[in-house]
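Contents: one structure, followed by commentary.
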2 protein chains.
Amino acid sequence: MTRPPPPSTEDLRAAILGGALAVDDRLLPERTLADRLGISRSRLRAILDDLAREGLIFRRHGQGTFLQPPPAQASERFGVLARRVSPGDLMEVRLELEPALAAYAAERGSPEDKARLLRLMENTLRAPDLAGYERADDIFHYKIAEMSGNPVFLTLFEEIRSLRQAAEWTRARQTALGPEEIAENSIQHGAIANAICAGAARAARRAMRLHLQKVEASLLKSLP
Amino acid sequence: MTRPPPPSTEDLRAAILGGALAVDDRLLPERTLADRLGISRSRLRAILDDLAREGLIFRRHGQGTFLQPPPAQASERFGVLARRVSPGDLMEVRLELEPALAAYAAERGSPEDKARLLRLMENTLRAPDLAGYERADDIFHYKIAEMSGNPVFLTLFEEIRSLRQAAEWTRARQTALGPEEIAENSIQHGAIANAICAGAARAARRAMRLHLQKVEASLLKSLP
DNA sequence: TGGCGCAACCAATTTTGAATTGGTGTCTAT
DNA sequence: ATAGACACCAATTCAAAATTGGTTGCGCCA
């Protein structure tokens, strides 16, 4: 009785990223995943370490491993708050927080992170459909928050991100995204990414502010 | 057998605010408190309503009634985060958030709230000792966050406030507060309050930024 | 009639403990 | 030496019970 040959690392990476082993952007637990792939947990973790270092997956201690930025902790907590929050409230906060994130990312992001940010920006250009664009856009903004190098900033960003997803009026935003608006967004994303990569903190702050003001305008336009 | 006369409302208010019926700035539960004071819960709640409207106590649904601004929800959650947060991280975030809070408070605070804010500012001047000053200062900043009229801003403010109290290096700050520093703080508090009461959003933002920069400087000076 | 006391119920939060899940070290075999 | 297997640690989630402020309705009585 012969054992099947061990699968190649490349095959394993593809299988993990493929999404067939994930439920709602969340991968199966490591133990289950290793069993399913027919490898040991230690080898799986080595592969996951690489993927996480490359920014292709997101891991959180007691929470899981994700193909998208993970939800904020105890996100059910925001259910009550989300009800009394208006789109304007949320955009006000984003307009104060995210420009600062961009500025600090420009100052403190490592060269590797900056190169990765450029690739994430390009991903938004290549998005095949609206859903794909939203995913790429989400990761792009998340990466900037991560690059700020301040765990408090990152935590607050995750919370308003969860809040936005918990609010009902989020659906209205999708209908507001036409092709020309996506094109304009992409130009602004490019300006943000370039400023961050150049280490130009003030320019990055300004580019992010302009971007969010545009998002706010198109969001308010699509609501009563 | 005669019943004792019902206590006067004024006595009850004094008893509640006195602190003898509170544990660590948190009042006893309403049911217990009513029993202890020998009045019904409905009358107690009427008195508490008044006190809350005057800003002398703080109530939170499933949490309790407090003599100081209440802690953020599930504050134990921040225990993990507090460990890897430096004073610099926290001041960075405060410098982005609180100036915005002051600006929105100037724009949207009601005349009653603005009058109340002035009284809170005066309370910091009359503080008898260091502990009293810290309490008054805490309430002053909290009131500004409340006046911003944005529940998301208020929530984020409460979280960084809890984070600050959870961090260990908070104690170092007290030793850093000398009489001349308190005097300078008071001048800046006055500038903030005046700008907010005048409805001058930009001036309020600037005054708060200057104040926090000064706090940051004296904080970093007192730490290794 | 209006205020007060009383009771029951609703809603938001905390607390507690078990279960889940990523993180880390150790031991073995080849 | 390296990969696998196992035990244990740490952070989180989940569910159920308990706590606590919020609300309503009823009765009493001066």
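A note on names: the letters A, B, ... follow the listed sequences, proteins ahead of strands, and every chain is numbered from 1. Worth saying up front: this structure is predicted, and the values here are computed from it rather than measured.
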### Query
Is A:Glu146 salt-bridged to A:Lys143, cutoff N-O under 4.0 Å?
yes
### Message
Just the rounded figure in Å: distance from P of C:dT14 to CG of B:Asp24.
### Response
15 Å
### Task
Return no unless some side-chain N or O of B:Gln63 is found under 4.0 Å from OP1 or OP2 of C:dT14.
yes
### Query
Of the nucleotides C:dT13, C:dG23, D:dG21, which has the atom closest to the B:Arg31 side chain?
D:dG21
## Note on the structure
Regarding the side chain of A:Val80, the nearest nucleotide among D:dT20, C:dT13, D:dT12 is C:dT13
### Message
A:Glu158: which residues meet the side chain to side chain donor-acceptor pair (under 3.5 Å) condition with it, sequence neighbours left out?
### Response
A:Arg60, A:Tyr142
#### Entry: Residue pairs involving residues 22-46 of chain A (criterion ring-ring contact (aromatic ring centres under 6.0 Å, His included); sequence neighbours excluded)
none
### Query
Taking atom P of D:dT19 as reference, at what distance in whole Å does atom CG of B:Leu27 sit?
19 Å
### Query
What's the CG-P distance between A:Leu81 and C:dA12, to the nearest Å?
12 Å
#### Entry: Nearest to side-chain heavy atoms of B:Arg59, which nucleotide of D:dG22, D:dG4, C:dG22
D:dG22
### Message
Holding to salt bridge (charged side-chain N to carboxylate O under 4.0 Å, His left out), I want the full list of residues that pass it with A:Asp138, two or more places apart in sequence or in another chain.
### Response
A:Arg161
### Query
Of all the nucleotides listed (C:dT21, D:dA10, C:dA12), which has the minimum atom distance to the side chain of A:His61?
D:dA10
### Query
Can you name the side chain to side chain contact (heavy atoms under 4.5 Å, CB included) partners of B:Arg41, sequence neighbours left out?
B:Glu30, B:Arg31, B:Ala34, B:Arg45
### Query
Mind checking what makes side chain to side chain donor-acceptor pair (under 3.5 Å) contact with A:Glu54, not counting sequence neighbours?
A:Arg13
### Query
Just how far is it from atom CD1 of B:Ile57 to atom CG of B:Leu48, taken to the nearest 0.5 Å?
4.5 Å
### Query
For DNA chain D, whose closest nucleotide is more 5', that of B:Arg84 or that of B:Leu28?
B:Arg84
### Query
Can you list the residues that meet the side chain to side chain donor-acceptor pair (under 3.5 Å) rule with A:Glu98, with sequence neighbours excluded?
A:Arg94
## Note on the structure
Result for 5'-nearest mapping on DNA chain C, choosing between B:Gly62 and A:Thr65, is B:Gly62
### Message
Rounding to an integer number of Å, can you tell me how far B:Arg60 CZ sits from C:dA12 C1'?
### Response
11 Å
### Summary
Sorted by chain and number, sequence neighbours left out, side chain to side chain contact (heavy atoms under 4.5 Å, CB included) with B:Ala115 holds for none
### Message
Tell me which residues in residues 151-158 of chain B lie within less than 4.0 Å of DNA chain D, going by non-hydrogen atoms.
### Response
none
### Message
In whole Å, I'd like the distance from the CZ atom of A:Arg36 to the P atom of C:dT21.
### Response
12 Å
### Task
Would you please name every residue forming a side chain to side chain contact (heavy atoms under 4.5 Å, CB included) with B:Arg53, sequence neighbours left out?
B:Asp49, B:Asp50
### Query
What integer distance in Å separates A:Phe58:CZ from D:dT12:P?
18 Å
### Task
May I ask you to verify if any side-chain N or O of A:Ser40 is less than 4.0 angstrom from the OP1 or OP2 atom of D:dA5?
no
### Summary
note: B:Leu33, atom CG; D:dG22, atom P; distance rounded to Å ~ 13 Å
### Query
Rounding to a whole Å, what distance do you find between B:Asp35:CG and C:dG5:C1'?
13 Å
## Note on the structure
Going 5' to 3' through nucleotides 24-30 of chain C and flagging B where a protein heavy-atom sits under 4.0 Å of the base, S where only the sugar-phosphate is that close, and - otherwise, we get B------
Hey, what are the protein-to-nucleotides 24-30 of chain D N/O distances that come in under 3.5 Å?
none

## Note on the structure
B:Glu92 meets the side chain to side chain contact (heavy atoms under 4.5 Å, CB included) criterion, sequence neighbours left out, with A:Tyr104, A:Arg108, A:Asn150, A:Phe153
### Message
Side chains of A:Arg116 and A:Asp113, heavy atoms from C-beta outward: is any pair under 4.5 Å?
### Response
yes
